[in-house]
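Heads up, the thing below is written out as structure tokens.
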Amino acid sequence: MSSSSRNQPSDSSMRRFINFYDPVVKGTDERGRKLDGILAWSDDRLETQHNYIQTVFPLPEQSGFSFFAPVVDEETMLIFAQSPELKANLLRALKRMLAFYGFDAEDSEDPRSQLTITPKQDCERGFSRWLVPRDHNHLRITRIIRSLRVLGLEAAAKDFYNAFIEVNKTQDKISSTSISFWTRAMYSHIRYTPDGAEVDWLNKY
């Protein structure tokens with residue numbers, strides 16, 4: 001579906017979010033940044049900047065860290081989930097974050113999964129960003145899992161979750177609290193946030 005014929009959300013912040021992910025429009029976020037620009041950032045910049053992850057992987061609940069972060073509503077969730085073009089760009093963003101975390105990711109030929117995710121040969125630097133007991137990247141990983149599910153990429157969310165869990169099985173460095181948040185983000189009904197709150201309009205999905 002071309003951008004000109006795509007349905008647009010009623011909410012202005014959600015129109016900005018859809019246009020941000022639209023590969024034709026290539027809109028900007030509230031800070032004037034485009035998706036392609038963010039995905040081209042260095043790993044160091046992805047690590048130290050803290051106000052992009054809420055736009056690239058939005059949630060259906062208000063961010064506690066960014067007042068301007070988009071909050072996915074029902075209309076936007078359905079538009080996104082029905083658009084191969086938007087979801088393809090979301091996968092691009094996911095692959096960039098996987099590289100940041102020390103993984104290679106390729107499209108999967110297995111119908112049961114969406115991505116084949118393996119540790120990079122030089123994975124140590126990427127792994128050091130999350131393979132620790134506690135880190136702000138654990139919050140990012142929780143957000144990414146939940147955002148993927150809400151926006152229609154359930155299989156990719158599971159592939160992403162499994163990659164981190166499998167590495168930790170051999171290292172056992174991550175706190176049980178972080179693991180439990182990731183697991184709730186992956187397996188709880190999407191109406192529940194990882195900390196147990198409920199988003200009412202998601203009850204029917």
Side-chain angles (χ1 to χ4, degrees), residues 1-39 41 46 49-98 114-115 139-161 181-182 184-205:
M1 181 185 293
S2 68
S3 58
S4 61
S5 60
R6 190 189 315 285
N7 291 331
Q8 286 285 328
S10 304
D11 182 81
S12 61
S13 67
M14 287 293 91
R15 288 197 297 274
R16 178 186 288 275
F17 166 65
I18 290 294
N19 288 336
F20 176 76
Y21 261 103
D22 190 305
V24 177
V25 177
K26 295 185 177 182
T28 62
D29 69 3
E30 75 284 349
R31 297 174 184 271
R33 303 172 299 197
K34 294 187 176 184
L35 177 64
D36 286 350
I38 292 173
L39 300 188
W41 285 357
L46 290 175
Q49 289 279 340
H50 298 289
N51 55 22
Y52 69 92
I53 200 77
Q54 299 89 356
T55 295
V56 179
F57 298 98
L59 299 176
E61 56 270 3
Q62 182 66 52
S63 168
F65 300 95
S66 174
F67 177 79
F68 297 104
V71 179
V72 177
D73 58 20
E74 183 175 15
E75 186 180 26
T76 303
M77 182 186 80
L78 295 175
I79 290 171
F80 206 100
Q82 293 166 7
S83 170
E85 296 87 359
L86 297 177
K87 289 193 290 186
N89 251 353
L90 183 56
L91 273 178
R92 285 180 59 225
L94 178 62
K95 289 175 180 178
R96 177 65 187 96
M97 293 308 296
L98 280 163
Q114 192 153 9
L115 295 174
L139 299 176
R140 290 177 170 182
I141 291 166
T142 303
R143 167 179 283 274
I144 291 169
I145 294 167
R146 178 160 169 75
S147 181
L148 292 171
R149 294 185 65 207
V150 168
L151 295 175
L153 291 179
E154 183 85 18
K158 189 171 185 179
D159 296 333
F160 181 81
Y161 167 84
F181 268 78
W182 297 353
R184 288 196 295 270
M186 183 64 241
Y187 290 110
S188 294
H189 190 283
I190 59 171
R191 71 179 181 271
Y192 295 114
T193 68
D195 62 2
E198 189 169 354
V199 181
D200 290 340
W201 65 263
L202 284 167
N203 283 340
K204 62 185 177 182
Y205 294 101

Side chain proximity check, E85 to V24, heavy atoms < 4.5 angstrom
no
Are the side chain of K87 and the backbone of A81 linked by a donor-acceptor contact shorter than 3.5 Å?
yes
Side chain to side chain, L115 and L94, heavy atoms closer than 4.5 Å:
yes
Any H189 side-chain heavy atom under 4.5 Å of N203 side chain:
no
Test item: R143 side-chain N/O and F57 main-chain N/O as donor-acceptor pair under 3.5 Å
yes
With rounding to the nearest 0.5 angstrom, report the CG to CG distance, N19 to L86.
9.5 Å
With a 4.5 Å heavy-atom cut-off, do D200 and R191 have their side chains touching?
no
How many angstroms lie between atom CD of Q8 and atom CG of D22, to the nearest 0.5 angstrom?
7.5 Å
When you measure from the side chain of Q114 to the backbone N and O of L153, does any donor-acceptor pair fall under 3.5 Å?
no
I want to check something: taking the side chain as every heavy atom from C-beta on, are E74 and P60 in contact at a cut-off of under 4.5 Å?
no
For the side chain of R149 and the backbone of M186, is there at least one donor-acceptor N/O pair under 3.5 Å apart?
yes
Interatomic spacing from CG in L59 to OG1 in T193 - rounded to 0.5 Å:
9.5 Å
Between atom CG of L139 and atom NE2 of H50, what is the distance when rounded to the nearest 0.5 Å?
11.0 Å
Does atom NZ of K95 have more than 12 heavy-atom neighbours from other groups under 6.0 Å away?
yes
In terms of heavy-atom contacts, T142 and P194 come closest through CG2-CG, 3.6 Å
Can you tell if the side chain of Q82 reaches within under 4.5 Å of the side chain of M77, non-hydrogen atoms only?
no
Can you check whether K34 reaches T28 side chain to side chain, under 4.5 Å on heavy atoms?
yes
Minimum heavy-atom distance between I145 and Y161, given as atom pair plus value:
CD1-CD1, 4.0 Å
If only atom types and distance count, is the side chain of R146 paired as donor or acceptor with the main-chain N or O of Y192 below 3.5 Å?
yes
Shortest non-hydrogen contact from F160 toward I141
CE2-CG2, 3.7 Å
Assign the ring pair Y52 / W41 to parallel, tilted or perpendicular, where the plane angle (0 to 90°) is split at 30° and 60°.
perpendicular
In Å and rounded to the nearest 0.5 Å, what is the CZ to CG distance from F17 to D73?
10.5 Å
Side chains of Y187 and K158: closer than 4.5 Å at any heavy-atom pair?
yes
Which distance, rounded to the nearest 0.5 Å, do you find between the OH of Y21 and the OG1 of T76?
13.5 Å
Any donor-acceptor N or O pair under 3.5 Å, side chains N89, R92:
yes
Identify, with sequence neighbours excluded, every residue that meets side chain to side chain donor-acceptor pair (under 3.5 Å) alongside S12.
none
Taking all heavy atoms of V71 and all of Q62, pick out the closest pair and write down the distance.
CG2-OE1, 3.5 Å
